[in-house]
Each structure stands twice: as C-alpha cells, then as structure tokens.
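Below is one structure, written out as structure tokens; the observations come after it.
Please read all numbers here as calculations on a predicted model, not as lab measurements.
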Amino acid sequence: MRWFLIVAAVVGVVSCTEASVTTTTEPSDVTSSALREPAPEASSTSTSLAPTTTTLPATFTATRSTIGLGWDAVEVPAPLVALCHRALIGTDDELIFWGGNQTDCEYESLTGNPAMAYNPATGMWRQLSESPLEPVVAPTGVWTGSEVIVCCGMTSQQAAAYDPGTDTWRSLAESPLAGPFPEATWTGEEMVVITQTGTAAYNPTTDSWREFPPMPEDLGRTNEIDWTGSEVVVWPVVPVGDPLRRVEQGMALDPTTDTWRVLPDPEPWPSWVDIVVTDDSIIIWGGLPANEGGSERAVGARYHLEENTWTAVSEALPEPDGCECNLGSQTLTWTGEYVLVSPGMFSTGVDPDTPVLIAYHPETDSWILVDEESSLAWGGDSLTVGDRLVIVANDVFYTSPLNWQPTGETITEETWSH
C-alpha cells in the first residue's frame with residue numbers, strides 16, 4: 001500500500017476520535033453524498049488530543065450504507081482508525097485488519113488486541129485471538145489460501161501466521177530484513193517481501209527465509225509490488241528526496257533463478273503510479289508532472305509480458321486546466337475483464353466536484369464511464385476478498401457484489417463536452 005495515503009487518512013480522522021462504536025444491527029443512515037467528500041489534507045500544525053482508550057466488543061454488526069452500483073460503504077470503527085499504519089489482507093471470506101503501532105497515535109489508543117476481521121457477506125466484525133506479534137509501524141502480509149502471514153514493519157523482523165478457520169496464531173521464523181516500507185506478495189509457494197534494505201522470501205512449509213541478491217536499481221520512497229505468475233514486479237512510485245523527479249524504471253525478480261532484470265522504459269512514463277497485473281500484462285497509470293511536459297495529466301502505459309514491450313494506454317480524462325492535482329491519489333483494480341480506475345484528484349480534469357469512475361479495457365485499448373459521481377472514484381487501496389472487490393479510502397471499506405464487473409458507455413472526445 002502507499003504510505004503517503006495512509007498517513008493522510010490517519011491524520012484526517014483526528015477529529016473523529018471521540019466517536020463511539022455502535023453495535024446496532026440496523027443499516028446506517030449515512031448518505032452516499034457524505035461519503036463522496038475527498039479526504040481532508042493533513043495539517044502540519046494539528047494539535048494532539050489527550051489520549052483516550054476504547055475497547056471494542058468481540059463481535060458487532062458493521063455500519064453499512066449503499067452507495068450505488070451495488071456496492072456497500074462500511075465505516076471503520078473509530079478505535080481501529082486510530083491505529084497507525086495497519087496491515088489489510090483479504091482472505092477468501094474476510095478482510096483481516098491487523099493494527100499497527102498504537103503508541104504512536106497520540107490521540108487515541110485501543111486497549112487489548114488490535115486485530116479484527118470484517119466479513120462482507122454477513123456484515124459482521126469479529127475480534128481475532130491474541131497474536132504473538134508486538135504492534136509495529138507498517139506491517140505487511142499475504143493470504144496463502146489457508147493462512148494469513150503477517151510480518152515485518154518499519155523496524156521489525158517478527159512474523160506470525162493466522163488460521164481464520166481455527167482463530168489461532170503461530171509464531172514464525174524472523175525475517176532477515178529490517179527496513180522501512182515493507183511490501184509483500186504471494187507467489188503460490190512463498191511470500192516475497194521487499195524493503196529498502198533488501199528482498200527475501202518466506203516458505204511456510206519449511207518455516208524458513210532466503211534472501212535474494214541486491215536489486216540492479218535503487219528503490220524509491222514507496223513501491224508497488226505484484227506477482228505476474230512467473231516474476232515479482234517492483235515499481236518505484238516516488239524516488240527519495242524529489243517527488244516530482246521521474247522514477248527509475250521497474251524491476252522484475254525471478255524467484256526460481258534468484259535473478260533480477262530491469263524492465264524496458266515505458267512510454268509515456270508517469271510518476272506517482274499505481275500498477276495492476278492483468279492476465280497478460282502490467283498496466284501503470286498516474287501523473288505526468290508539469291516539469292516533464294505535462295500538467296498533472298493522467299497517463300498510462302501497458303507492458304506486454306510475453307513481448308517484453310510497452311504500448312501507450314489511450315487517454316480517458318481531459319487535461320486539467322490549472323489544476324494542482326493530487327499525484328498518487330488514484331487506484332487501479334483488476335476485475336478480470338477491466339482495469340477499474342478510481343482517478344482520485346485526477347477527476348478534477350473533468351470537474352472538481354464530480355469524481356468520475358472509469359474503467360479501461362486492455363484488449364480494445366478503450367475506456368468506459370462507469371459512474372459520473374461516485375465515492376469509489378476518490379481512490380485509496382484495493383484488494384480482493386474472495387470474489388468481491390474492496391477499495392479502502394478515507395477509512396471506509398467499499399465492497400462490491402460477488403463477481404462484479406463495470407459497465408458503461410465508451411468514453412469519446414465528446415464525453416466531457418457537456
């Protein structure tokens with residue numbers, strides 16, 4: 001996940017920390033218009049509130065509302081919002097929420113276990129059994145198909161596995177990595193973890209780690225990581241020190257040969273990208289800063305895995321007019337047919353008050369307009385829970401119906417003229 005979005009979300013909910021957690025079984029009266037508001041910008045002069053403590057019940061019904069397109073909006077309970085840099089992992093049935101370091105959240109702390117699970121089919125939250133892990137900043141993890149593996153953190157090497165079927169944890173061998181901004185992906189046999197200090201893989205069958213050779217290029221401050229079916233792809237989102245400088249190119253790791261390769265240069269080459277792996281390609285989409293020939297314009301490129309070549313993705317949104325767009329606020333989600341794009345603040349290229357939701361069809365290089373005013377369009381983080389899509393933004397879980405696919409009219413030059 002992208003840490004800059006999480007930090008902004010955590011700071012943005014300071015004003016909500018005194019809200020209580022309800023256990024009512026009735027649907028929420030929260031309207032979709034209230035949820036469509038973009039996240040407020042974090043203030044550098046925010047005032048710390050006096051610490052409070054809150055205990056969540058072992059199980060309770062989620063506060064949900066319908067937002068259109070068949071999706072639900074699920075508000076995250078206030079005590080879980082207060083946890084800093086938590087891990088979110090989707091299983092076949094639940095969204096596992098494992099809290100980060102409580103002590104760094106000056107405005108609220110959660111007593112007891114910071115681990116919860118949300119089931120979108122039943123609408124129920126439940127507390128997980130006590131884990132052997134100490135709360136840490138920015139843990140990462142994966143779903144193996146039978147267990148959730150949680151490990152690492154900004155300065156931690158700890159690891160543990162959780163079995164949702166038995167609600168039990170087991171301690172695992174410690175990671176050899178202790179570095180900032182860990183990201184993880186599951187290959188089908190191993191969990192590959194990458195940090196700014198190195199890359200390693202964990203095998204749950206042997207409870208052992210192995211390290212990989214150093215990368216051929218330096219990593220940026222934050223990174224996107226995904227599994228293509230044969231390689232682990234790492235794409236630096238933003239280089240350290242200069243958020244407007246073009247990032248170094250992506251890299252791919254073959255875990256069977258322990259070798260890295262540098263991917264060819266894409267064209268165009270956006271910054272602050274999000275990436276998604278489809279059936280046969282990698283798609284990157286993000287901003288093109290003004291000092292590199294754009295004006296925060298949203299552009300993308302498609303990497304063809306078999307051919308080892310890039311092609312430009314057709315453009316969907318008009319060029320912003322004097323817009324200071326939020327680079328990195330977008331989210332890409334693969335639905336199995338389309339790349340669902342939540343443009344975030346790129347939507348201001350259309351209308352600052354109209355967050356449009358769009359989708360890209362890789363086979364036809366065409367776009368459709370899914371919704372002209374959707375809370376899903378503000379971006380965040382995306383993952384899957386079984387056959388459902390989940391987008392997490394502004395401390396709200398947006399969950400799709402089973403096997404949902406976007407529909408809409410094809411976007412043309414005339415689409416935005418009205």
Side-chain angles (χ1 to χ4, degrees), residues 67-71 224 226-229 233 235 250 263-264 266-270 272-288 297-319 329-347 349-351 354-384 387-391 393 398-418:
I67 62 168
L69 302 176
W71 287 61
E224 294 290 332
D226 215 328
W227 172 244
T228 69
V233 172
W235 197 275
L263 298 180
E267 183 61 43
W269 198 336
W272 289 99
V273 300
D274 198 6
I275 72 171
V276 68
V277 175
T278 71
D279 295 335
D280 59 1
S281 59
I282 300 168
I283 294 176
I284 65 174
W285 197 85
L288 189 61
R297 186 168 193 163
V299 295
R302 180 184 179 190
Y303 174 70
H304 304 267
L305 296 173
E306 291 293 333
E307 294 83 3
N308 192 33
T309 58
W310 290 88
T311 55
V313 167
S314 61
E315 295 186 24
L317 301 178
E319 182 152 9
S329 62
Q330 76 283 356
T331 298
L332 306 187
T333 306
W334 176 237
T335 70
E337 183 179 355
Y338 284 88
V339 178
L340 182 69
V341 177
S342 304
M345 293 304 294
F346 287 124
S347 293
V350 179
D351 185 326
T354 305
V356 298
L357 185 67
I358 55 181
Y360 175 71
H361 194 259
E363 299 309 310
T364 60
D365 188 34
S366 61
W367 293 83
I368 60 173
L369 176 60
V370 182
D371 199 331
E372 288 193 89
E373 191 170 359
S374 173
S375 53
L376 298 175
W378 289 115
D381 294 300
S382 67
L383 60 158
T384 59
D387 293 324
R388 298 177 191 269
L389 306 176
V390 179
I391 295 177
Y398 299 103
T399 59
S400 78
L402 288 171
N403 302 305
W404 180 85
Q405 290 291 337
T407 58
E409 296 293 328
T410 300
I411 294 175
T412 66
E413 293 182 359
E414 289 76 32
T415 299
W416 315 117
S417 60
H418 66 280

*Within a reach of under 6.0 Å around CD of Glu306, are more than 12 heavy atoms found that belong to other residues, nucleotides or ligands?*
no

_Student check: side-chain heavy atoms of Trp378 and Ile391 closer than 4.5 Å_ = no

*With side chains defined as the heavy atoms from C-beta onward, is the minimum distance between Thr309 and Pro264 less than 4.5 Å?*
no

*Rounded to the nearest 0.5 Å, how far apart are CD of Gln405 and OG1 of Thr335?*
3.5 Å

_To the nearest 0.5 Å, what is the distance between CD1 on Ile411 and CD on Glu413?_
12.5 Å

*Taking atom types as modelled, is there a side-chain donor on Arg302 or Ser281 under 3.5 Å from an acceptor on the other?*
yes

_Side chain proximity check, Ile282 to Val233, heavy atoms < 4.5 angstrom_ = yes

*Heavy-atom closest contact (Val356 atom, Pro343 atom, distance)*: O-CD, 3.1 Å

*Between His361 and Glu337, what is the shortest heavy-atom contact and its length?*
CD2-O, 3.6 Å

*asked:* So, taking the atom named CG in Asp274 and the one named OG1 in Thr333, what distance separates them when rounded to the nearest 0.5 Å?
replied: 7.5 Å

*Is there side-chain contact between Ser314 and Trp367, with heavy atoms separated by less than 4.5 Å?*
yes

_Give me the atom names and distance for the closest heavy-atom approach of Val299 to Glu315._
CG1-OE2, 3.8 Å

*Nearest heavy-atom neighbours spanning Thr331 and Asp381*: OG1-N, 4.0 Å

*Could you tell me the separation between the CG atom of Asp365 and the OH atom of Tyr360, rounded to the nearest 0.5 Å?*
3.5 Å

*asked:* Are Trp334 and Ile283 packed together at the side-chain level, in the sense that at least one heavy-atom pair is separated by less than 4.5 angstrom?
replied: no

*Out of Ile67, Leu376, Leu69, Ile358, which one pairs with Asp371 under the side-chain contact (heavy atoms from CB on, under 4.5 Å) rule?*
Leu69

*Minimal non-hydrogen separation, Leu317 against Ala298, with atom names*: CD1-CB, 4.5 Å

_Heavy-atom pair of closest approach, residues Ala377 and Pro355_ = CB-O, 3.3 Å

*Student check: side-chain heavy atoms of Asp280 and Glu363 closer than 4.5 Å*: yes

*4.5 Å side-chain heavy-atom contact, Glu267 and Trp310*: no

*asked:* Are Leu389 and Trp71 packed together at the side-chain level, in the sense that at least one heavy-atom pair is separated by less than 4.5 angstrom?
replied: yes

*Kindly determine whether Leu357 and Leu340 satisfy side chain to side chain contact (heavy atoms under 4.5 Å, CB included), including the steps that lead there.*
CA-CA 8 Å; Leu357 185 67; Leu340 182 69; 4.0 Å; yes

*Rounded to the nearest 0.5 Å, what's the gap from CH2 on Trp235 to CD1 on Ile275? Could you check?*
8.5 Å

